[in-house]
Structures are given as C-alpha cells and as structure tokens.
Participant: 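What follows is a structure written as structure tokens; I'll ask about it next.
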Amino acid sequence: MASKAPPRIFSPARRLAARRRALALQKQHDAPQYLHEDMVEDVLERLSFLRFEPARALVIGDWTGALAEALNAQGVAVTQVEPAEGFDEEAPYPFEGFDLIASLGTLDTVNDLPGALVHIRKALAPGGMMIASFLSAGSLPTLRDVMLAADGERPAARVHPMVDVRAGGQLLQRTLFADPVIDQRSLQVGFRSLERLVGDIRAQGIGGVLADAPPPLGKEALARAREAFAAAGDDGRTVERFEILTLSGWKK
C-alpha cells in the first residue's frame, strides 16, 4: 500500500524565492545574522561538550560559511549544501557516510519533515550525529498580534505553523534517532519599527511561505499594524521573541 503524501502546507516555489532573497540580502553591509550566529554557536558548543570529533560533516543552510570554517579549522572535511541552490531536503541525499549532519534554519518549512529527517539519518555513517535547528512554536508573538490587529474582522494566516518541543521529540522517535535530545531557547530582539522587524525576517529567510499566500495589507491595515506595533513597545522600542528548537540524535 502506497504511503500517504504529506500535507501541502508550504509552497516550494515561495520557499525557494524567500531563501534566494535572503541570500541576496545577506550580501548587504550589516545584514542581520543573529539567528544564524546563535545556531552556529550552539552546534560548536554541543560538539565540544560531547567531545565529538567528526571526520566528515555535511552542513545544510550555512549561508555565512561560519560553521564550515570552524569545522575545517578542527580538521573536519566539510561538504556544504544550500536549498536555494537546488539541494532537496525532501529527497534521498546523493551522498552518505557523514559523521555529522548539521541543518541550520531550513527544516521548519519543509512539507515532509519526518521524511527530511529520515533522509538525514540515512546519510549518516553508523555512530553519526544529526543537529538540526530551526524556528519553532512560540516565535514571533508580537508580529502575530500585530497582524491580527491589522486584519481586523477578517484575519489571514500570515505566520506559518511551527513545531513545538513535544512534536520535535515525537519526530525523533518516529524517525528512529537514538539518544534523542530536544531543547528550545529564546532570543529577544528590540526593534524601532515594524519595517525593521519585517526586514530582519526577510533577510534571515524566515518569512511566511504558506501554500495559500495571504492577501497583501492595504494602507489602512498597514497603518493599524504600525500603531499596534508601537503600542506593544516601550520608549519607542518593541521586543520580539524568536524560539529556536534544536533536535539532535544519533544513528546507531
């Protein structure tokens, strides 16, 4: 019996476009990278804590090259791939035998997340480790409230659904990772304007890519959004929260 196709929550075309736009924006001076920097630092801290020294690593989504550079400095042979450049995370990988696979900020918008995790596990060598980090449930609460205020009586889905800690643990068990570890951490960032928040979201590739795109905000709705954003802040600064979920496990 054929397996049931995963639900189509995200648009692959919109996901690719958003990722490519982020890569272009990252070339600008002082492009925001705080989410990516946090994920890179976390991977390196985990490896150091575990005293795990991989010989071969696959790094997915490392658009700054920072993780690959740090691993190379430790003598690790690193292969880098990027979804915006054609790497398909929902298909079997064209290579295998990695001691470490690190995925940074990409798995929250795949339609078949269990399948993507299975492909990662199959590409690992026995005894290899996966570390996958991405935005999770609880992220962008201020933006969600602002968009609800902007849309009024006809709210639209403008922030996509995200995985929570419990679901992350279930995913690791379902995809047969050994010794799974699931944790979540928060980053809080202050913004002077709604436009700056939206700009940071786009530049870091975490904007909405739902299959059913919401209608654009009109002038009146945008004015309500700006007013709600300012009202949510203090002394001209509004804080937004980003929740990063990290899933790690081993191939035994």
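Nothing fancy with the numbering, it's 1 onward along the sequence. Source: prediction; values computed, not measured.
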Participant: For Asp183 and Val181, which heavy atoms make the closest approach, and how far apart are they?
Facilitator: OD2-CG1, 4.0 Å

Participant: For the pair Arg226 (side chain) and Leu194 (backbone), establish whether a donor and an acceptor sit closer than 3.5 Å, ignoring hydrogens and angles.
Facilitator: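 No, Arg226 side chain to Leu194 backbone: no donor-acceptor pair under 3.5 Å.
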
Participant: When you compare the side chain of Ile206 with that of Phe242, does any pair of heavy atoms fall below 4.5 Å?
Facilitator: yes

Participant: To the nearest 0.5 angstrom, please state how far the CG atom of Leu187 sits from the CD atom of Glu240.
Facilitator: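 One gets 11.5 Å once the value is rounded to the nearest 0.5 Å.
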
Participant: Does any N or O in the side chain of Arg19 come within less than 3.5 Å of the main-chain N or O of Gly205, such that one atom is a donor and the other an acceptor?
Facilitator: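 Answer holds: no.
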
Participant: Output yes when a side-chain donor or acceptor of Asn111 lies under 3.5 Å from a complementary backbone atom of Arg8, and no otherwise.
Facilitator: no

Participant: Taking the side chain as C-beta and beyond, is there a heavy-atom pair between Leu210 and Pro161 under 4.5 Å?
Facilitator: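 Yes. Closest side-chain heavy atoms under 4.5 Å.
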
Participant: Could you tell me which non-hydrogen atom of Ala57 sits nearest to which non-hydrogen atom of Val76, and how far apart they are?
Facilitator: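 For Ala57 and Val76, the tightest heavy-atom pair comes out as CB-CG1, 3.7 Å.
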
Participant: Tell me every residue that passes salt bridge (charged side-chain N to carboxylate O under 4.0 Å, His left out) with Arg196, counting only those two or more places apart in sequence or in another chain.
Facilitator: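 Once residues adjacent in sequence are excluded, the partners of Arg196 under the salt bridge (charged side-chain N to carboxylate O under 4.0 Å, His left out) criterion are Asp200.
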
Participant: Could you pull out the closest heavy-atom pair between Ala102 and Leu67, with the gap in Å?
Facilitator: CB-CD2, 3.8 Å

Participant: Report yes if some heavy atom in the side chain of Arg202 is under 4.5 Å from a heavy atom in the side chain of Pro32; otherwise report no.
Facilitator: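 No, too far: nothing below the 4.5 Å cut-off.
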
Participant: So, the side chain of Asp99 versus the backbone of Arg56: is there a donor-acceptor pair under 3.5 Å, distance only?
Facilitator: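 Yes; at least one donor-acceptor contact below 3.5 Å.
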
Participant: Would Phe98 and Phe95 count as a close aromatic pair, with their ring centres under 6.0 Å?
Facilitator: yes

Participant: With a 6.0 Å cut-off on the ring centroids, do Phe229 and Phe191 count as close?
Facilitator: no

Participant: If you count heavy atoms of other groups shown closer than 6.0 angstrom to CD of Glu45, is the number above 12?
Facilitator: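 Enclosed: over 12 neighbouring heavy atoms sit under 6.0 Å from CD of Glu45.
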
Participant: Closest heavy-atom contact between Arg14 and Pro214?
Facilitator: NH1-CD, 4.3 Å

Participant: Taking the side chain as C-beta and beyond, is there a heavy-atom pair between Lys251 and Phe177 under 4.5 Å?
Facilitator: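 SC-SC contact between Lys251 and Phe177 ruled out.
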
Participant: Going from CG on Leu44 to CE on Met39, what distance comes out if it is rounded to the nearest 0.5 angstrom?
Facilitator: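 The CG atom of Leu44 sits 14.0 Å away from the CE atom of Met39.
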
Participant: What's the spacing between Glu96 CD and His119 NE2 if we round to 0.5 Å?
Facilitator: 13.0 Å

Participant: Just wondering, more than 12 heavy atoms not from Lys122 lying within 6.0 Å of its NZ?
Facilitator: no

Participant: Will you find, in the side chains of Gln33 and Gln26, an N or O donor that is under 3.5 Å from an N or O acceptor?
Facilitator: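 Judged by distance alone, the side chains do pair up.
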
Participant: Looking only at heavy atoms, which two atoms of Thr106 and Gly61 are closest? And how far apart?
Facilitator: CG2-CA, 4.2 Å

Participant: Would you verify whether the NZ or CZ of Arg15 falls within 45 degrees of the ring axis of Phe10 while also being under 6.0 Å from that six-membered ring's centre?
Facilitator: no

Participant: With a 4.5 Å heavy-atom cut-off, do Leu171 and Leu117 have their side chains touching?
Facilitator: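 Touching, per the 4.5 Å side-chain cut-off.
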
Participant: Under a 3.5 Å cutoff, is there a donor and acceptor pairing between the side chains of Thr246 and Arg185?
Facilitator: yes

Participant: Do Pro126 and Trp250 touch side chain to side chain, with heavy atoms closer than 4.5 Å?
Facilitator: no

Participant: Checking the side chain of Ser248 only, and the main-chain atoms of Pro180 only, is there a donor and an acceptor separated by less than 3.5 Å?
Facilitator: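 No, because the side chain of Ser248 does not come within donor-acceptor range (under 3.5 Å) of the backbone of Pro180.
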
Participant: Is a donor from one side chain sitting under 3.5 angstrom from an acceptor on the other, for Ser139 and Glu243?
Facilitator: no

Participant: Nearest 0.5 Å please: distance from the CG atom of Leu247 over to the CG atom of Leu107.
Facilitator: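 CG of Leu107 is found 8.0 Å from CG of Leu247.
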
Participant: Taking the side chain from Asn72 and the backbone from Ala68, do they hold a donor-acceptor pair closer than 3.5 Å?
Facilitator: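 Indeed, once roles are kept as given, a pair shorter than 3.5 Å links the two residues.
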
Participant: Is the shortest side-chain heavy-atom distance between Ile244 and Ser136 below 4.5 Å?
Facilitator: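 A side-chain contact under 4.5 Å is absent here.
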
Participant: Are Val118 and Leu100 connected in the hydrophobic side-chain network, where two residues link if heavy atoms are under 4.5 Å apart?
Facilitator: no

Participant: Going by salt bridge (charged side-chain N to carboxylate O under 4.0 Å, His left out), name the residues that satisfy it together with Asp235, two or more places apart in sequence or in a different chain.
Facilitator: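 With sequence neighbours excluded, Asp235 shows a salt bridge (charged side-chain N to carboxylate O under 4.0 Å, His left out) to no residue whatsoever.
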
Participant: For the residue pair His36 / Asp62, report whether a side-chain donor-acceptor contact shorter than 3.5 Å exists.
Facilitator: yes

Participant: Quick one, Val110 and Phe134 - any side-chain contact, counting heavy atoms below 4.5 Å?
Facilitator: no

